[in-house]
Structure formats: structure tokens, C-alpha cells
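A short worksheet on the structure shown next.
Letters A, B, ... mirror the listed sequences (proteins, then strands); counts begin at 1.
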Number of protein chains: 4
Amino acid sequence: MTKRQQIIDTTIQLVAEMGLYATSMGLIVKESNVAAGTIYHYFKNKEDLIKTVYSELREEMGKAFIQNIDNALPYKEKFFLIWKNLFYYFKDNPQKFQFIEHYASSPLEKNEVKEINQRHYQPAINFIQKGIEKGYLRTLPESFIIQLIFAHVSVVVRMILFDETDISVTTLQLLIQSCWDSVRIN
Amino acid sequence: MTKRQQIIDTTIQLVAEMGLYATSMGLIVKESNVAAGTIYHYFKNKEDLIKTVYSELREEMGKAFIQNIDNALPYKEKFFLIWKNLFYYFKDNPQKFQFIEHYASSPLEKNEVKEINQRHYQPAINFIQKGIEKGYLRTLPESFIIQLIFAHVSVVVRMILFDETDISVTTLQLLIQSCWDSVRIN
Amino acid sequence: MTKRQQIIDTTIQLVAEMGLYATSMGLIVKESNVAAGTIYHYFKNKEDLIKTVYSELREEMGKAFIQNIDNALPYKEKFFLIWKNLFYYFKDNPQKFQFIEHYASSPLEKNEVKEINQRHYQPAINFIQKGIEKGYLRTLPESFIIQLIFAHVSVVVRMILFDETDISVTTLQLLIQSCWDSVRIN
Amino acid sequence: MTKRQQIIDTTIQLVAEMGLYATSMGLIVKESNVAAGTIYHYFKNKEDLIKTVYSELREEMGKAFIQNIDNALPYKEKFFLIWKNLFYYFKDNPQKFQFIEHYASSPLEKNEVKEINQRHYQPAINFIQKGIEKGYLRTLPESFIIQLIFAHVSVVVRMILFDETDISVTTLQLLIQSCWDSVRIN
DNA sequence: GATGAATGAGACTTCATTCAT
DNA sequence: TATGAATGAAGTCTCATTCAT
């Protein structure tokens, strides 16, 4: 594994466990078996490191949730599949989920990166847009609907992760239905 | 106003604007017109200050959202009123909303305060419990339903606050309906 | 007990246990049931408090070690009695002993108090002086001999206090003999 | 000279002059021409710095006082030589002597370092042990005898250092004799 | 006499970052 | 590329002391 990747992996892990601010560069140095200077060889500074990691995760996530979606399927089924994709991506990568949550709620989020990462959203935006146009979804701002879905999934993931319980396929189906009911046309 | 209150008010304002970590004790000192030592007269340390502020806000919030609820009203109407109470409490106190969001996503949240503040939830838990029993709401864990509603309101509030737009009463009604649809029995 | 005495007692106890610097005024306040301002009513500042306590202890100690000395006794016997007086004063008042040790090794000792407290030494100086004149003791500076005796007793007391053992009368006699042998004429 | 050594030297000098507590890290920074962070690169914290310095001095002292002792010499002569070694080590390194005195009387001393540094005592313990076995010294606990000798030397050194007088070789011989008389078999 | 809220200088320490090797 | 010693600004907190009540 390259030094750069070691740094990124350690950063994800530490931020997930301790949060953005408790994750000092010194700690990353210690845990990643890399010298302080090396980090600054690959990243301009701490903010750049964090933002880069976030960017990469967003891209990965963006790919994950549209994966294996057959366009021929009915809209509702695609919705359910997408929800599941997102859910399992988070469930199977709890540290990445937590990193993203930490980042999203940090003051860093306020900056320009928002737009930069927007493009990873594009397929999602398109999907929602089409849902509204075709009369499957309520007439609400797309970004709002996306936030709603994202928030919904996050609540479910958080519940599972922190309660350390698992969830049956049936229950999961109920939960997705709940999300679907909040955005679909009655 | 007492020194203690000055400190608390300044803390809410600064944390709302800059986040938990960018809000240094030095900044609080400067903005609150209080000596450094005075803060430590009222609070054990920064963590204690933050947690105390959070606790007080949670209590206030707990009171706000069950306010003016006539028990004689139909369940659904009560649900809508509670949603609105919560919504307007956040909308009218944006700094308190942001403080709570910052706190909730911080590593501090992980600690014991969670339980301590649980009692402010009690009316909410009871309300949800009754809704499930009477067959108005889906059979899901109460705490999960509460999280879902909370997340839903938060998304709406965030949208309004950050987009700096306002929202018509009609739209609001639609949004509450969306939340209701995600938890009500079909 | 007067507030003043409460302060002094608490100070002795805390300094004995924790040392001069770990004994903060705040700690004295907490442990002595006295308000911060009250301490400053009786003492000019921390240094004054410590020095006053020390002065009082020195006076007490000065009285203790010449107590019950019959001038008619042989010189050597008087020496043994004085040694014992000093020893038992320390053994029976371990906190006072420790306070004195902490003070004596502190930078405060360097100041003027040394002379002020000199007068409590006077009987000791006289006793040593007479011993030299009469040919019982070696011709060395009196203050040096006093330091030697004081150091000797302190070593014994420290040993007993920290090892938490006690000591037989016979052993004690041997120890005094050791001290006596270091200053008597051969 | 390395940064680490600069820090240690400055620490010895400042503690000797001002005591353990008046020697702030800030002062060490100023006097040693080193950045604050650099101290924490070499030492975990102030306590660690002080303890490390003390440890090194104890080792140096341990080497100093058994230096040039010819085992073939008579016991008493070896005793005199050892006393002199210790005496001159302190007299020639007054700041180290004062550092050790400050440390020894501080609350830090109470901790584990005591044992760690015990091994530097080993030659001394052996020497005393042999003295008792061979009938040269009184039957008293070795550690007690060591404390006695140490206290004796310290009184002499303190006298010379603080009175700023020097001492003739004859007088010195008298003083060692006094120490010897306090521990030798009559 | 007694109280304790309020002060602010200064103590210790952390941490992102640089730079010579 | 990679290292890690060195930096110093800034953060948190303590503590002796004051003063209005």
C-alpha cells in the first residue's frame, strides 16, 4: 500500500472514531507509520487532507448507490434498490459513514467543496427529477427530497450501528417503505 | 443579566456560527465581557459549559414542542401541531438549532448526557407509543420514529435557514404531510 | 475554634500532605470552611500565611525541645533529653514536621524570616556554646552543630514516618548515641 | 550541544536558583533558546523533564562518589574518600546539588522514581553492608546509615555554599571525622 | 468580621506546519 | 520520496487576590 493510501485509511479510521478535531496530524503520523513531512508531501495541509478524503468517499458513495440499477425496472423498485445500495454501503463501511457524518456537520462543509462534489449527486438529481416529472414523486425541490432520503437512511444506519443490533430483511422493507411513503405521490 | 447567562448566550451564538471547536474559551471571554476565570467559576471546564448549555436547550426544546397541545384533538392534528411547534422553535431560534446540531454531531454526544436528557423526551415517547397502540402509527421502535421525525424537521429547517428563503403555509402543510406519511399506518 | 485557627490548621495539614505549591488558596478555602476573603482578612497574602504558620510552629518547637530540662543534670544527659524532646515533638506532630521540612526547603526560607526566627534558637545556641566552652563538644561553629543535630533527628523521624514502623527505646538510645558521637569530644 | 542538552542544562540552573515551581516552562524556553514545542518533543511534560534530569544527576552522582576508590585501602580510609568524593561533587557542582535538594524535598520524590534510582545506590549499600559485617560500623539499617551520611555531607555543603566561605583541609578532616564517629563502632 | 463572585496574568501543553537532511 | 526535529501561536485552565455586600 502506498504511503498516500496509508494516510487516507488512517485518517478515515481516526476521524470516524474520534471526530475531526480530535484527529490531530500527530495522531495520524503515529497511527499511519508515516512521517509528518510525508503527509505534507501529498496534501497541502490538514484541511486539504480531510477534503480530499471526503471527495474520494463521495465519489465512491456516488458510484455505490447507482450500482446494479436496471433502468428497465419500475420506478418504485429502482427507488427501493437505490435506498438499499446506499444503506449497505454505509452499513458495510461504518467508518466511512461516520467520516462522512462528521464532515457533513463540520464547518468545513460550508465551503466550496459542496459544489465540487455536486457532480457526484447528478445521477441522484436526475433520478428524483424524473420521478417528479412522471408523477411518482411529490412536487418538492429535488435537493430537498434528496436530503430527506439521505437523512432517512442515516437514521436507520445510525440505529443499527449504535445499537449494534441487526435488522431482518422484512423490517428493512418496512423502513424503505416508510421512506418511500414520505416522498411518493399519494 | 447575570454573568452566567452572558456566558451561556455568547456560547450559543459562537458555537452556532463557528462550531464547537472554533469556539475557543478565549473567544467566549472576549465576546461575553467576562473574565476567563469567571467561566470556570460557573462551569468546571469547556466540556461542562457546552454540556450544560445543551442540557438547558434540550429542556427548553422539550417544553416548546408539547406546548398548546389540546389532548382532545384527533391524533393526526396533534401530530401536525407538534411538528409545527418543533419547527417554529428551531426557525425562531436558529442559533439554538445550530448549536444543537453541532452538539449532536460531536463526540461529546456519545457520553452520559444522553440519558440525562432522556427525560425531556418522555412526552414525545408517550405520544408515539400511544400512536402505535391505537393503530395510527407503524409498529417500529419509538426512539426510531422520534429520530425520523426529528431528522425530517431538521432537513426542513436547514433548507429554510441556509437558503434564506421562507416557506408558505401551504408548502409547510405539504412537508408535514410528508413526515406524517412516513410514519402513519397506510 | 476561630476562623484564623481553622485556616492555620488546614494549611498545616494541606502543606504536609501536598507541599507548598500544590496547596492553593482555593484548596485552603474549600477544606477550612472559610471564605477566600476571610483568609485575606487575617493574612496579607499566601506568603504571609505560610510564614506566619511557620513562625508559630518554630516557636512551639523551640519551646518543646527545652522542656523539662533540669539544668542540674550532666551535660550528656541534657543532650540526650533535648534530642528526645525534639524527636517526640516531630513524631507526635508528623504534619507539623512535614510542614517544617517543606518550608525549610522552599525558596521562602531564603528571606528575612530566618533571622526573625533566630531567637527561638537562642536556648539551643547557648546550650551548644556552653558545651564547646566546657570541653564537651568539638570546636565547630555552633550553627553548624545545630544543623547537624537537626539533620540527624530529621533522618530518624523521616525513617519512622515513611516506613511506618516504630522503634524500641533501646534502638532510640543507640541513635541518640550516634548523634552524640558525631559532636562530642573524643 | 544538542537541544535536549540545552534544555536539561537550563533546567538544572533555573531549578537550582529558583526552585521547582518558580521554574516555569516559559522560563526554560526563554533561557534555553529553544521553542516550547521542542521541550515536549523530548519530554512528555514538566514532571517528566524534572524527573529525567534528576535521574541523570543521580546516575552521575552515583558514579562520582565511588570514583578512584582503591579496594585495597583500609575501610576507614575508603569511608573518608567516599565522603570527600560526594562532598567535592556537590561543591564543584553547586547547581546540581541544589537541584537534587529541591527535588528530594518535593512531592515528586514520593513516586516510583525512588526505586528506579535505587540501583545507583547499590555500591553504597554494599559498602555499608560490608562495614557492618566486618564490625567497622554500627548495626543499623543500611539505608538509614546512608541517609545519615548524605544528610551530614549536605549540611557541610550547604554551610559552605550559603556562607560563601571556604574550608581548610584540616577542618574538612574534622568534619569527616564527625561523620565517621556517628556511624563507626566505638 | 465574613462572604464569594469576579478578575486576569500566566502556567502548561497541543498542534499544524516547515525545512534541512 | 521520506524523515522527524524544531517551531511558536494559540488553546485550556489555575490561582492569588480584590471588592462590593
- Task: Please work out whether the ring planes of B/Phe90 and B/Phe97 are parallel, tilted or perpendicular, with thresholds of 30° and 60°.
- Result: tilted
- Item | Check: C/Leu57 and C/Ile12 side chains under 4.5 Å, non-hydrogen atoms | yes
- Item | Distance, rounded to the nearest Å, where A/Ile28 contributes CD1 and E/dT14 contributes C1' | 15 Å
- Message: Here's a test of your reading of the structure: between C/Asn45 and B/Ala22, which maps to the more 5' nucleotide of DNA chain F?
- Response: B/Ala22
- Within this structure, what is the CD1-to-P distance between D/Ile50 and E/dA11, rounded to whole angstrom? 14 Å
- Would you mind classifying the nucleic acid contact of C/Thr38 as base, sugar-phosphate or nothing, using non-hydrogen atoms under 4.0 angstrom? base
- Item | Length of the line joining D/Leu20:CG and E/dA11:C1', which is rounded to integer Å | 14 Å
- Item | Closest to the C/His41 side chain, choosing from F/dT12, E/dG1, E/dT17 | E/dG1
- Item | Rounded C1' spacing from F/dT21 to E/dG1 in Å | 13 Å
- Item | Flag for A/Asp9-A/Gln13: side-chain donor and acceptor within less than 3.5 Å | no
- Message: Using a heavy-atom cut-off of 4.0 Å across all strands, would you classify A/Tyr21 as base, sugar-phosphate, or nothing?
- Response: nothing
- Query: Which nucleotide, in any strand shown, forms a Watson-Crick or G-U wobble pair with F/dT21, with both distances under 3.5 Å?
  - Reply: E/dA2
- Query: The side chain of C/Val34 lies closest to which of these nucleotides: E/dT3, E/dT7, E/dA9?
  - Reply: E/dT3
- Task: Can you tell me the distance, in whole Å, between the CG atom of D/Leu27 and the C1' atom of E/dC12?
- Result: 14 Å
- Item | Nucleotide of F/dA16, E/dT13, F/dT1 approaching C/Tyr40 most closely (side-chain heavy atoms) | F/dA16
- Query: Starting at the 5' end of DNA chain E and moving along, which residue's nearest nucleotide shows up first, D/Lys44 or B/Ile39?
  - Reply: B/Ile39
- Item | Between P of E/dA5 and CZ of B/Phe43, the distance in whole Å | 13 Å
- Note on the structure: note: B/Lys30, atom NZ; E/dT7, atom C1'; distance rounded to Å ~ 17 Å
- Query: Starting at the 5' end of DNA chain F and moving along, which residue's nearest nucleotide shows up first, D/Lys3 or A/Ala35?
  - Reply: A/Ala35
- Task: Grab the CD1-P distance between D/Ile7 and F/dG8 for me, whole Å please.
- Result: 13 Å
- Message: Using salt bridge (charged side-chain N to carboxylate O under 4.0 Å, His left out), reason through A/Lys96 and A/Glu59 one step at a time and then give a plain yes or no.
- Response: CA-CA 12 Å; A/Lys96 294 180 179 177; A/Glu59 189 170 354; over 6 Å; no
- Item | Heavy atoms from other residues, nucleotides or ligands near CG of D/Asp48 exceed 12 (cutoff 6.0 Å) | yes
- Message: Measure OH/B/Tyr42 against C1'/F/dT14 and give the value in whole Å, please.
- Response: 18 Å
- Across the strands shown, which category fits C/Gly26 at heavy-atom distances under 4.0 angstrom: base, sugar-phosphate, nothing? sugar-phosphate
